[in-house]
Amino acid sequence: MKILFATANQHKVDEVQRLLGDAIEIITPAQTGYTDDIPETGNTLEENARQKARHIYERCAQPCFADDTGLEIDALGGAPGVYSARYAGDGKDSQANMRRVLKELHGVSHRAARFRCVIVLIAASREYVFEGRVDGEIITEERGTQGFGYDPIFRPEGYPCTFAEMPVEEKNRLSHRGKAVEQLVAFLQKAEILNPAP
Ligand code: ITT
């Protein structure tokens, strides 16, 4: 069973492939020969996930999903949110993004934040939406080398360490993406979309 993941982010592919197990194999747009940027110009995570999934579905015509993720920080009015990838500029530079967040939160004691992940699946021209979130806080310095993006500065609620200090299996158990993918998997198993009955 194969499914296209409309992403250019290999870290996401690695996390999601672990969650899907051996029964479902992810193919990336790059593996089908698509190497252009996938547009994401929406104003919400759902709009972006839909746009990315549609863009690839229209070109490849096979079951496809996309993930759009945002880090929402209360003290910054929900920023960077849907602009998380380019918070410090078009370079999508995670180090620069984290530096900007830490600078903006300098001296701020209320540091509550959450990751939200929206997945849109398109199969047989129908669209399905799944969402996961995890609450936590932004710590005052980077810690850990696992994971990607904002993981070194995000500590999930109830845990002493950041996502970047956890093995990927543990992050997947509690993360925004882990929760969204759990629903995706349950749906795929039930709906038999990828493997219709004869
Ligand atoms: P695609 O759109 O190609 O899937 P992207 O990296 O642009 O990849 P997003 O727009 O969803 O993906 O990402 C928003 C930003 O949030 C980006 O800077 C990511 O590095 C970061 N991010 C996404 N998921 C994350 C996670 O699980 N942990 C930490 N940071 C994450």
Side-chain angles (χ1 to χ4, degrees), residues 4-19 26-31 34-57 64-73 76 78-102 113-121 130-139 142-156 159 161-182 184:
L4 254 171
F5 186 1
T7 183
N9 184 327
Q10 188 58 39
H11 297 287
K12 287 186 183 177
V13 175
D14 294 344
E15 285 186 7
V16 176
Q17 184 63 73
R18 278 172 188 270
L19 287 158
I26 290 176
I27 315 164
T28 60
Q31 285 170 301
Y34 182 91
T35 50
D36 290 347
D37 275 351
I38 306 172
E40 43 181 329
T41 55
N43 293 315
T44 64
L45 298 177
E46 184 174 328
E47 274 176 32
N48 274 344
R50 224 177 261 286
Q51 186 182 19
K52 290 188 274 192
R54 282 180 183 168
H55 187 82
I56 295 302
Y57 186 76
C64 170
F65 68 96
D67 153 329
D68 204 57
T69 295
L71 174 65
E72 300 170 345
I73 301 173
L76 302 181
V82 72
Y83 305 109
S84 294
R86 295 177 172 82
Y87 198 44
D90 275 344
K92 286 189 164 188
D93 178 342
S94 290
Q95 289 298 325
N97 288 340
M98 285 191 289
R99 272 199 303 277
R100 177 167 177 194
V101 165
L102 291 180
R114 73 207 51 80
F115 275 114
R116 281 208 304 125
C117 172
V118 176
I119 288 178
V120 171
L121 165 73
F130 309 94
E131 184 169 339
R133 67 178 261 180
V134 59
D135 292 291
E137 68 165 14
I138 303 299
I139 61 168
E142 290 175 35
R143 280 193 347 222
T145 55
Q146 314 282 309
F148 67 99
Y150 295 92
D151 281 345
I153 59 171
F154 183 83
R155 188 183 64 74
Y159 289 79
C161 53
T162 66
F163 270 160
E165 293 175 299
M166 293 178 181
V168 62
E169 292 81 6
E170 196 174 356
K171 177 185 171 190
N172 269 346
R173 261 199 303 278
L174 48 134
S175 80
H176 46 298
R177 182 165 299 104
K179 289 172 186 162
V181 173
E182 198 179 312
L184 171 70

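As the structure lists them, so they are numbered: ligands from 1, and atoms in each ligand from 1. Computation of the quantities below employed the complete heavy-atom set of this structure, encompassing side-chain atoms and omitting hydrogens, waters and symmetry-equivalent molecules.
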Just the distances, no angles: every ligand 1 N or O to protein N or O pair closer than 3.5 Å, one line each.
{"from": "ligand 1", "atom 1": "2 (O)", "to": "Glu40", "atom 2": "OE2", "distance (Å)": "3.1"}
{"from": "ligand 1", "atom 1": "2 (O)", "to": "Lys52", "atom 2": "NZ", "distance (Å)": "2.7"}
{"from": "ligand 1", "atom 1": "3 (O)", "to": "Thr7", "atom 2": "OG1", "distance (Å)": "3.2"}
{"from": "ligand 1", "atom 1": "3 (O)", "to": "Ala8", "atom 2": "N", "distance (Å)": "2.9"}
{"from": "ligand 1", "atom 1": "4 (O)", "to": "Thr7", "atom 2": "OG1", "distance (Å)": "2.6"}
{"from": "ligand 1", "atom 1": "4 (O)", "to": "Lys12", "atom 2": "NZ", "distance (Å)": "2.8"}
{"from": "ligand 1", "atom 1": "6 (O)", "to": "Asn9", "atom 2": "ND2", "distance (Å)": "3.0"}
{"from": "ligand 1", "atom 1": "7 (O)", "to": "Glu40", "atom 2": "OE2", "distance (Å)": "3.3"}
{"from": "ligand 1", "atom 1": "7 (O)", "to": "Lys92", "atom 2": "NZ", "distance (Å)": "2.7"}
{"from": "ligand 1", "atom 1": "10 (O)", "to": "Glu40", "atom 2": "OE1", "distance (Å)": "3.1"}
{"from": "ligand 1", "atom 1": "10 (O)", "to": "Asp68", "atom 2": "OD1", "distance (Å)": "3.3"}
{"from": "ligand 1", "atom 1": "11 (O)", "to": "Lys12", "atom 2": "NZ", "distance (Å)": "2.8"}
{"from": "ligand 1", "atom 1": "11 (O)", "to": "Asp68", "atom 2": "OD1", "distance (Å)": "3.4"}
{"from": "ligand 1", "atom 1": "11 (O)", "to": "Thr69", "atom 2": "N", "distance (Å)": "2.9"}
{"from": "ligand 1", "atom 1": "12 (O)", "to": "Lys12", "atom 2": "NZ", "distance (Å)": "2.9"}
{"from": "ligand 1", "atom 1": "24 (N)", "to": "Arg177", "atom 2": "NH2", "distance (Å)": "2.8"}
{"from": "ligand 1", "atom 1": "27 (O)", "to": "Lys171", "atom 2": "NZ", "distance (Å)": "2.8"}
{"from": "ligand 1", "atom 1": "27 (O)", "to": "His176", "atom 2": "NE2", "distance (Å)": "2.8"}
{"from": "ligand 1", "atom 1": "27 (O)", "to": "Arg177", "atom 2": "NH1", "distance (Å)": "2.9"}
{"from": "ligand 1", "atom 1": "28 (N)", "to": "Asp151", "atom 2": "OD1", "distance (Å)": "2.6"}
{"from": "ligand 1", "atom 1": "28 (N)", "to": "Lys171", "atom 2": "NZ", "distance (Å)": "3.4"}
{"from": "ligand 1", "atom 1": "30 (N)", "to": "Tyr150", "atom 2": "N", "distance (Å)": "3.0"}

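- Under the rule for a side chain to side chain contact (heavy atoms under 4.5 Å, CB included), the partners of Thr7 that lie at least two apart in sequence or sit in another chain are Phe5, Asn9, Lys12, Val13.
- Scanning all heavy atoms of the two residues, the minimum distance from Asp37 to His55 falls at O-NE2, 4.2 Å.
- Applying the side-chain hydrogen bond (donor to acceptor under 3.5 Å, both in side chains) rule to pairs touching residues 146-156 yields Glu137-Arg155, Asp151-Lys171, sequence neighbours excluded.
- Taking the six-membered ring for Trp and the full ring otherwise, the centers of Phe154 and His176 sit at least 6.0 Å from each other.
- Contact annotation: the side chain of Val101 approaches that of Ile153 to within less than 4.5 Å [non-hydrogen atoms, C-beta and beyond].
- By the side chain to side chain contact (heavy atoms under 4.5 Å, CB included) test, Glu170 pairs with Tyr159, Met166, Pro167, Arg173, Leu174, sequence neighbours left out.
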